[in-house]
Amino acid sequence: MQTQRALIVGADGMLGSTLYRQLAHAGWEVHGTTRRSRTERPHLLHLDLAEDPGAFAVPPDISIAWLLAAETSQARVRADHASTCRVNVQNTVALASRLSGHGAFLVFTSTNLVFDGSLERVPPGQPVAPAGEYGRQKAEAERALLAAGDAIAIVRIGKVLHARLPLIRGWVADLRAGRPIGAFSDLVVSPVPLAFAVEALMRVGAARAPGIFQVSGAGEITYFELARVLACEVGARPELVRPRPAGADGFPAESLPRHATLDTRRLA
């Protein structure tokens, strides 16, 4: 059987690096990209989506390409619409067009923030209604990519959580040291384990299943409730976790959705 050849755009991020290892372990020939220098990531190809991707040398015979690279900081997106839109929309779509021209099936990661959070378990066919700039950019990229052809899957993923996240690591260190922490009591997430998110991306890509898929947890939890659960898990006193409004850290109201779950029946 012919070896599958994959390209992961953004292979040094949380999702990308895990997907890279999983595909390699499964016997795929995997190529990955990074915007960092080759001295930092010698096994990866250099590709910075802040620049025109037209000069990027696409590896030959790529069967599936996962488009994971993006500017995901909502604060940076709000502060610099032009340059982040260039990364998240224009250059991502331009690269996707080149990869499609080489015959690759595309898997593009998007977000639950293409919706405004007013509804629970939003179905994939619901018209997008982003409340914030990051969601608007992702929704714009979705529209352009879906209009370009049938060989693409959009995978909307809620908040991916794992033990190596700086937020979680910081909480664990403070709680174990007996130090109090503040956690947002008015910001909900629908947590997705890292391993599950990567498995979903792998399966959708390997099946070459087009259209929109959604990945989220079955329920919702505030960051405050999450931190309290974590305190119990590490044997710390739950009262060390103090509720904190997200607005105190400069979060605008548009970044505080009431709901975060998505309808995942098509993925199931």
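The figures here come from the full heavy-atom set of this structure, side chains too, leaving out hydrogens, waters and symmetry mates. Throughout, numbering of the chain's residues begins at 1 and tracks the sequence.
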- Item | hydrophobic_cluster_shared for Leu145 and Leu113, side chain cutoff 4.5 Å | no
- Item | Arg169, CZ atom: more than 12 neighbouring heavy atoms under 6.0 Å | no
- Message: Within a 6.0 Å radius of atom CZ on Arg78, are there more than 12 heavy atoms belonging to other residues, nucleotides or ligands?
- Response: yes
- Message: Taking Ala260's backbone N and O only, do any of them form a donor-acceptor pair with Glu220's side chain (distance below 3.5 Å, no angle check)?
- Response: yes
- Query: CZ of Arg266: more than 12 outside heavy atoms within 6.0 angstrom?
  - Reply: yes
- For residues Asp12 and Ser17, is any side-chain donor paired with an opposing acceptor at under 3.5 Å? no
- Query: Is a side-chain donor or acceptor of Thr92 paired with a backbone partner of Val87 at a separation under 3.5 angstrom?
  - Reply: yes
- Item | Lys138 side chain vs Thr109 backbone, donor-acceptor pair below 3.5 Å | yes
- Please check if the distance between the ring centroids of Phe115 and His259 is under 6.0 Å. no
- Message: Using a strict threshold of under 4.0 Å (side-chain N to carboxylate O), is an ion pair present between Arg136 and Glu133?
- Response: yes
- Query: Any link between Leu15 and Phe105 through a network of hydrophobic side chains (Ile, Leu, Val, Met, Phe, Trp, Tyr) touching at under 4.5 Å?
  - Reply: yes
- Using a distance-only test with no angle check, is there a side-chain donor-acceptor pair under 3.5 angstrom linking Gln214 and Thr264? no
- Task: Verify the distance criterion only: is there a donor paired with an acceptor across the side chains of Glu142 and Ser110 at less than 3.5 Å?
- Result: yes
- Task: Spell out, as yes or no, whether a donor-acceptor pair under 3.5 Å connects the side chain of Ser100 to the backbone of Ser97.
- Result: no
- Query: Can you hop from Val192 to Phe213 via hydrophobic side chains spaced under 4.5 Å?
  - Reply: yes
